[in-house]
Amino acid sequence: MAAMMTSWTPEKKHSDVERWICIYPAYLNSKKTLAQGRRLPKTSCVENPTHQEIRDVLLASGLQVGVENKLYPREQSKEILYRGRIRVQLRNDDGTPVKQEFPTRESIMKYIGQSIPKLKTRQNRPTDQQPQTTQASNKSKGKKGRR
């Protein structure tokens, strides 16, 4: 019965959250293949985006945004890092775009792909996190050899 209430009907308005478009981080992940869920060319994507980064970029652009605790169905890893789905209002109730610079879902995703590298958290990230990942991989290799 609940599925019937939340399913799409023509009576729903564009302002209803159920009509907003969904964006998963996998859509914009340059590390993923098209079969794994990437929706844009690698040149328009970023490496391992998070739902928080996508939310921050969209809120800064003035769009209506909602965050849901959902996991992308094609995602192999069940870690919390990969969870999160962003809902964005694309159109007003009369069918016109909320923002004229974002008429389609692709235009929003391309904007996100261009904006995430400009975030302050992204500009500091590569130097801070690369040594940590190599240390963690070395530790795990060492543990496997000791068994």
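Numbers here are sequence positions counted from 1.
Note that CD of Gln76 is 10.0 Å distant from CG of Leu71, once rounded to the nearest 0.5 Å. Within the model, atoms CD1 of Ile108 and CD1 of Ile54 stand 11.5 Å from one another, a figure rounded to the nearest 0.5 Å. The CD atom of Gln52 sits 8.5 Å away from the CG atom of Leu81 when rounded to the nearest 0.5 Å. Atom SG in Cys45 sits 10.5 Å away from atom CD1 in Ile112 (nearest 0.5 Å). In this structure, the separation between OH on Tyr27 and CZ on Arg39 is 3.5 Å, given to the nearest 0.5 Å. Atom OG1 of Thr50 and atom CG of Asn29 lie 10.5 Å apart (nearest 0.5 Å).
What you find for Gly84 and Pro25 is that their closest heavy atoms are O-CD, 3.3 Å. Counting all heavy atoms, side chain and backbone alike, Arg74 lies closest to Ala35 at NH1-O, 3.2 Å. Here the closest heavy-atom approach between residue Leu63 and residue Phe102 is recorded as CD1-CD1, 3.9 Å. Between Lys42 and Ser30, the shortest heavy-atom contact is CE-O, 3.5 Å.
Between Val57 and Tyr111 there is a side-chain heavy-atom pair separated by less than 4.5 Å. The shortest distance between side-chain heavy atoms of Leu90 and Val98 does not fall below 4.5 Å. Looking only at side-chain heavy atoms (C-beta outward), Ile23 and Met109 come within less than 4.5 Å of each other. Side-chain atoms of Arg87 and Ile21, non-hydrogen and from C-beta on, never get closer than 4.5 Å to each other. Here the side chains of Arg85 and Tyr72 are not in contact, with every heavy-atom distance at 4.5 Å or above. A heavy-atom distance below 4.5 Å is not found between the side chains of Arg83 and Lys70. Using a 4.5 Å cut-off on side-chain heavy atoms (C-beta onward), Val67 and His51 make contact.
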What's the verdict on side chain to side chain contact (heavy atoms under 4.5 Å, CB included) for Glu53 and Leu119, showing C-alpha distance, side-chain angles and the deciding distance?
CA-CA 8 Å; Glu53 292 172 333; Leu119 291 173; 3.9 Å; yes

Please evaluate residues Val88 and Gln64 with respect to the criterion side chain to side chain contact (heavy atoms under 4.5 Å, CB included), reporting the C-alpha separation (whole Å), side-chain torsions for both, the decisive distance (0.1 Å), and the verdict.
CA-CA 6 Å; Val88 184; Gln64 291 274 12; over 6 Å; no

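Dense packing is recorded around CG of Leu34, with more than 12 heavy atoms of other residues, nucleotides or ligands lying under 6.0 Å away.
Side chain of Gln123 to backbone of Lys120: no donor-acceptor contact under 3.5 angstrom is found. Put simply, the side chain of Asp94 gets close to the backbone of Thr96: a donor and an acceptor are under 3.5 Å apart.
Ion pairing between a basic and an acidic side chain is recognised when a charged N comes within 4.0 Å of a carboxylate O; Lys32 and Glu75 show such pairing.
Evaluation of the side-chain contact (heavy atoms from CB on, under 4.5 Å) rule for Pro117 yields Val46 as partners, not counting sequence neighbours.
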